[in-house]
Structure formats: structure tokens, C-alpha cells
A.B. asks: 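Have a look at the structure that comes next, please.
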Amino acid sequence: MAVGNKQQNPSFVLKAVKEVVFEDRPKPQLRDQNDVIVHVAQTGICGSDVHYWQRGRIGSYVLTGPMVLGHESSGVIAEVGSEVKHLKPGDRVAMEPGVPCRRCDYCRGGSYHLCGDIIFAATPPWDGTLAKYYVNAADFCYKIPDHMNLEEGAMVEPVSVAVAIAKTADLRAHQKVVVLGCGPIGILCQAVAKAAGAAKVIGIDVVQSRLDIANSYGVDGTYMPQRAEPGADAMEHAERTANDIKEKMGLGEGADVVLECSGAEACIQMGIYVARRGGTFVQAGMGKEVVNFPITAVCTQGLVIKGSIRYLTGCYPAAIDLISSGKIDVKKLITNRFKFEQAEEAFELVRQGRQDVFKVMIEGVQA
């Protein structure tokens with residue numbers, strides 16, 4: 001489908017596993033007087049988008065029908081509901097893509113990211129943001145400063161994820177932090193930790209080009225672990241590697257905070273052993289659904305184990321501040337840019353997992 005100005009709402013749709021198409025859908029209407037319609041400007045590709053495309057499910061979220069992909073987006077307000085006071089047409093915004101019910105015990109208790117009725121873009125059955133227009137709740141759209149461009153606006157989403165991971169860890173100044181995985185979220189977690197005043201931030205990955213990016217963000221050290229020999233005991237290898245990290249990186253008895261952003265089983269195991277006694281381990285990366293986990297070490301070391309998902313209250317404003325103030329430069333993470341009409345090509349590039357591809361951005365349908 002050629003994308004042209006006469007179409008109402010060109011959309012990039014996942015029809016079934018490994019089957020994507022362009023469709024022209026009706027232009028969305030305001031569902032509520034507190035909603036806004038956003039003309040989407042830029043969308044970053046997230047691993048979850050690719051996962052749905054290739055496998056059709058993430059945990060209990062299963063593709064059951066056609067779904068528009070995309071959720072890391074910025075745009076320009078096209079229309080506002082009558083009750084919207086803080087936004088007007090023409091305002092440039094970053095969109096938080098998960099709108100909770102606001103009424104359940106989780107929402108009322110301040111944990112809206114755990115709401116069971118959250119409407120989250122590109123999570124079955126809800127459509128995502130890779131369309132010309134998208135309707136969002138006005139209070140989940142955040143104005144970005146004039147000196148921020150719309151690519152940076154789209155990058156607010158992954159920075160917000162990193163801020164949420166750091167908040168989940170209760171990360172504080174002067175702590176020693178180890179981040180496992182130097183993909184986009186891992187790199188941004190390292191940057192958030194530095195901005196929070198961490199005494200030492202160490203990035204771990206098995207790909208040198210990703211360690212190079214980590215170094216460009218000012219981490220205090222990087223480490224490439226050796227893969228276990230065939231037939232070696234996984235836990236012995238993890239503990240031995242963790243001890244080597246502690247020694248070579250000057251971590252003493254271990255890290256105060258470990259942020260696991262790879263989802264790799266070997267990294268999860270290593271992360272438990274690299275933490276100091278009483279330390280905090282946050283699992284953010286998602287790989288295999290079931291892994292071999294050193295639970296006894298968790299007990300004997302008295303670790304605090306937490307899971308992190310999406311964003312917490314205040315993460316989007318914090319992320320905008322980190323980007324707009326220059327504390328985190330997200331522009332250098334963007335390695336590839338595509339037009340909307342090239343969306344499938346962009347997804348294919350991400351799927352290939354090339355070492356020279358970091359963050360891929362898709363430009364929205366032009367007015």
C-alpha cells in the first residue's frame with residue numbers, strides 16, 4: 001500500500017505471526033473529553049514489537065487478531081477533548097503508551113503500572129502507535145521543550161523504562177552498580193545511574209561494540225565475560241566469573257545494586273553472585289520464560305530481588321528532564337532511520353540483531 005495524504009489513517013498492522021501489512025484505517029475519534037488525538041511523528045522499535053511479530057506472544061499476552069505495532073512514540077497534538085486544559089493543537093509531546101483504569105487498588109495505591117485493566121499500546125488486544133493518528137489520554141501526553149526534537153521525544157519511552165528500573169532498585173548516590181546487558185535499556189540504566197550519583201557503574205556484555213557504547217556514556221568500567229566451556233557447571237562458572245568481575249572492577253565484596261537488562265540465563269546467574277550481601281537485584285530483561293536460578297545464594301546472601309516492568313509514577317517527567325537538561329544524550333543511540341513506508345524493512349533490520357544496529361527510528365506519516 002502506497003502511503004499518501006488522501007488516506008485517513010495509514011497503519012502498520014501485525015495480521016498474524018510473521019505477517020505485517022499496511023492498512024488505511026478510519027481516522028480515530030476522541031473516546032473521552034479528556035483524550036487527545038496525536039499525529040505521530042517518530043516511533044522507536046522495541047524488542048517487544050519484534051517479539052510479537054516473530055512469535056505472537058509475550059508471556060500471557062497473546063496475539064488473537066490484527067494489531068497495530070509500535071509504542072515508543074512522540075507526536076504533535078492534532079485535536080483535544082473539551083476537558084483538556086494543559087495541551088492544545090500543535091503542542092509537541094512524548095506519549096506514555098499505557099493508560100491504567102485509575103480505579104483499582106493498584107492504581108489507587110500508586111502502582112498504576114500493575115493495573116490489570118491497563119490499555120497498553122501494541123500489547124494484545126490493543127493497537128499501537130505506528131499509524132498516522134493515535135488517541136491517548138491527555139494526562140499521559142507530556143509536552144517536550146522547544147529545544148528537544150521529536151526523535152528525542154520518542155526516546156523518552158526507553159529512558160522512562162530505565163528510570164523505572166532505577167527507582168525499583170531504590171538506586172541512590174554513592175552506590176556501586178553493575179548493569180548486565182549493554183543494549184539500549186542497559187545503556188540507559190547506566191546513564192540514569194550516573195546521573196543519580198552512583199559511585200561506580202560497570203557495564204557487562206559479550207559484544208565489544210556495545211561495551212564501546214557503554215564507555216562513551218561514561219561508565220566507570222566494562223567487562224566482557226567468557227562463555228562457559230561445553231559441559232561446565234553453569235553455577236560454578238557464574239560464581240567464578242562474578243568473583244573475577246568484583247576483583248577486576250574494584251567492587252570489593254560486590255555491587256550494591258545489580259540491574260539485569262539482558263534476559264540471558266547466564267547473566268541472571270552471574271548477577272546474583274556479583275551482588276554484595278544484602279544487595280538489590282532487579283530483573284528487567286526478558287529472555288527465556290524459565291531459567292535455572294541460584295535461589296540458595298539469594299537466601300544465603302540476603303538479597304532483595306525485584307522485577308521491573310514498564311514505568312512508575314513520575315518516570316516520564318523525569319526522563320524528559322534528563323534528556324532536555326543534557327544529562328543523557330539519546331541522539332547517539334539512534335543508528336538507523338526509516339520512512340513510515342519502510343516499516344517492515346526497519347523491523348527486519350532489528351530482527352537480524354546486527355552488532356552495528358542499536359536504536360531504529362521510524363518517521364511518522366507526513367501531513
Side-chain angles (χ1 to χ4, degrees), residues 162 165-183 185-285 287 291-308:
I165 293 167
K167 288 184 73 171
T168 298
D170 194 23
L171 197 155
R172 304 182 184 189
H174 312 302
Q175 289 182 317
K176 291 178 286 189
V177 181
V178 167
V179 181
L180 293 143
C182 295
I185 296 301
I187 292 289
L188 291 171
C189 280
Q190 293 160 26
V192 169
K194 291 297 291 182
K200 182 173 286 190
V201 178
I202 306 298
I204 313 288
D205 206 290
V206 295
V207 178
Q208 184 59 49
S209 60
R210 297 199 164 198
L211 295 177
D212 293 341
I213 295 173
N215 281 317
S216 78
Y217 273 81
V219 296
D220 300 288
T222 56
Y223 182 95
M224 182 186 293
Q226 298 297 311
R227 297 184 186 275
E229 294 291 332
D233 182 276
M235 294 305 169
E236 288 181 3
H237 176 76
E239 188 169 10
R240 186 165 56 250
T241 304
N243 288 335
D244 193 51
I245 293 170
K246 287 188 278 190
E247 179 182 349
K248 290 182 177 174
M249 297 293 105
L251 294 174
E253 293 196 6
D256 300 292
V257 173
V258 176
L259 307 179
E260 207 300 302
C261 300
S262 75
E265 183 172 40
C267 284
I268 295 167
Q269 295 161 351
M270 193 189 315
I272 294 298
Y273 289 112
V274 85
R276 61 178 284 275
R277 292 189 297 276
T280 297
F281 176 99
V282 175
Q283 185 64 41
V291 299
N292 192 10
F293 187 74
I295 193 69
T296 300
V298 172
C299 299
T300 57
Q301 293 173 230
L303 301 183
V304 177
I305 308 292
K306 296 182 178 181
S308 182

A.B. asks: CE/M249 to CG/D244 distance, rounded to the nearest 0.5 angstrom?
C.D. replies: 8.5 Å
A.B. asks: Start with the C-alpha gap between D212 and S216, add the side-chain angles, then the distance that decides, and say whether side-chain contact (heavy atoms from CB on, under 4.5 Å) holds.
C.D. replies: CA-CA 6 Å; D212 293 341; S216 78; over 6 Å; no
A.B. asks: Is K200 reaching over with its side chain to a backbone N or O of G250, donor-acceptor style, under 3.5 angstrom?
C.D. replies: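 Yes, the answer is positive, given that a donor and an acceptor are paired below the 3.5 Å cut-off.
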A.B. asks: With rounding to the nearest 0.5 angstrom, report the CD to CG distance, Q190 to L188.
C.D. replies: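 One gets 9.0 Å once the value is rounded to the nearest 0.5 Å.
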A.B. asks: Looking at CG of L211 and CD1 of I187, how far apart are the two atoms once the value is rounded to the nearest 0.5 Å?
C.D. replies: 8.0 Å
A.B. asks: Do you know the tightest heavy-atom contact between S308 and T168?
C.D. replies: OG-OG1, 3.6 Å
A.B. asks: Looking at D256 and K176, would you say the former's side chain and the latter's main chain have a donor-acceptor pair under 3.5 Å?
C.D. replies: yes
A.B. asks: Within this structure, what is the CG-CD distance for the pair N215 and Q208, rounded to the nearest 0.5 Å?
C.D. replies: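 Here the interatomic distance stands at 8.0 Å.
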A.B. asks: Just to verify, what does A166 make a side chain to side chain contact (heavy atoms under 4.5 Å, CB included) with, not counting sequence neighbours?
C.D. replies: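 Scan of A166 (side chain to side chain contact (heavy atoms under 4.5 Å, CB included), adjacent residues dropped) gives L171, V192.
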A.B. asks: Extract all donor-acceptor atom pairs below 3.5 Å that involve side chains of residues 275-282 and protein atoms in other chains or at least two apart in sequence.
C.D. replies:
unit_1 : atom_1 : unit_2 : atom_2 : d
R277   : NH2    : E253   : OE1    : 3.0

A.B. asks: Apply side chain to side chain contact (heavy atoms under 4.5 Å, CB included) to A234 and list each qualifying residue two or more places apart in sequence or on a separate chain.
C.D. replies: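 Testing A234 for side chain to side chain contact (heavy atoms under 4.5 Å, CB included), a comparison that skips the adjacent residues, returns Q269.
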A.B. asks: Of the non-hydrogen atoms in I245 and M270, which two are nearest, and what is the gap between them?
C.D. replies: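 That would be CD1-SD, 3.6 Å.
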A.B. asks: For the CD1 atom of I272 and the CG atom of L180, what is their distance to the nearest 0.5 Å?
C.D. replies: 10.0 Å
A.B. asks: For residues 257-267, run the donor-acceptor check on the side chains, cut-off 3.5 Å, and write out each pair with its distance to 0.1 Å, sequence neighbours left out.
C.D. replies:
unit_1 : atom_1 : unit_2 : atom_2 : d
E260   : OE1    : S262   : N      : 3.4
E260   : OE1    : G263   : N      : 2.8
E260   : OE1    : Q283   : NE2    : 2.6
E260   : OE2    : S262   : N      : 3.1
E260   : OE2    : S262   : OG     : 2.4
E260   : OE2    : G263   : N      : 3.4
S262   : OG     : A264   : N      : 3.0
E265   : OE1    : K288   : NZ     : 3.2
E265   : OE2    : N292   : N      : 2.5

A.B. asks: Quick one: closest heavy-atom pair of G186 and V179, and the distance?
C.D. replies: O-CG1, 3.6 Å
A.B. asks: Any donor and acceptor pair, going by atom type alone, linking the side chain of D205 with main-chain N or O of C182 inside 3.5 Å?
C.D. replies: yes
A.B. asks: Quick check against the 3.5 Å criterion: does K194 have a side-chain atom that pairs as donor or acceptor with the backbone of Y217?
C.D. replies: no
A.B. asks: For A255 versus V178, what's the shortest heavy-atom pair and its separation?
C.D. replies: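 A255 and V178 have their closest heavy atoms at CB-CG2, 3.7 Å.
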A.B. asks: With K246, which residues qualify under side chain to side chain contact (heavy atoms under 4.5 Å, CB included), at least two apart?
C.D. replies: N243, L251, V274
A.B. asks: Can you tell me how far apart NE2 (H237) and OH (Y273) are? Round to the nearest 0.5 Å.
C.D. replies: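 Taking NE2 in H237 and OH in Y273, the distance rounds to 12.5 Å.
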A.B. asks: Suppose we screen for side chain to side chain contact (heavy atoms under 4.5 Å, CB included). Which residues come up paired with A199, at least two apart in sequence or across chains?
C.D. replies: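 For A199 there are no side chain to side chain contact (heavy atoms under 4.5 Å, CB included) partners, ignoring immediate neighbours.
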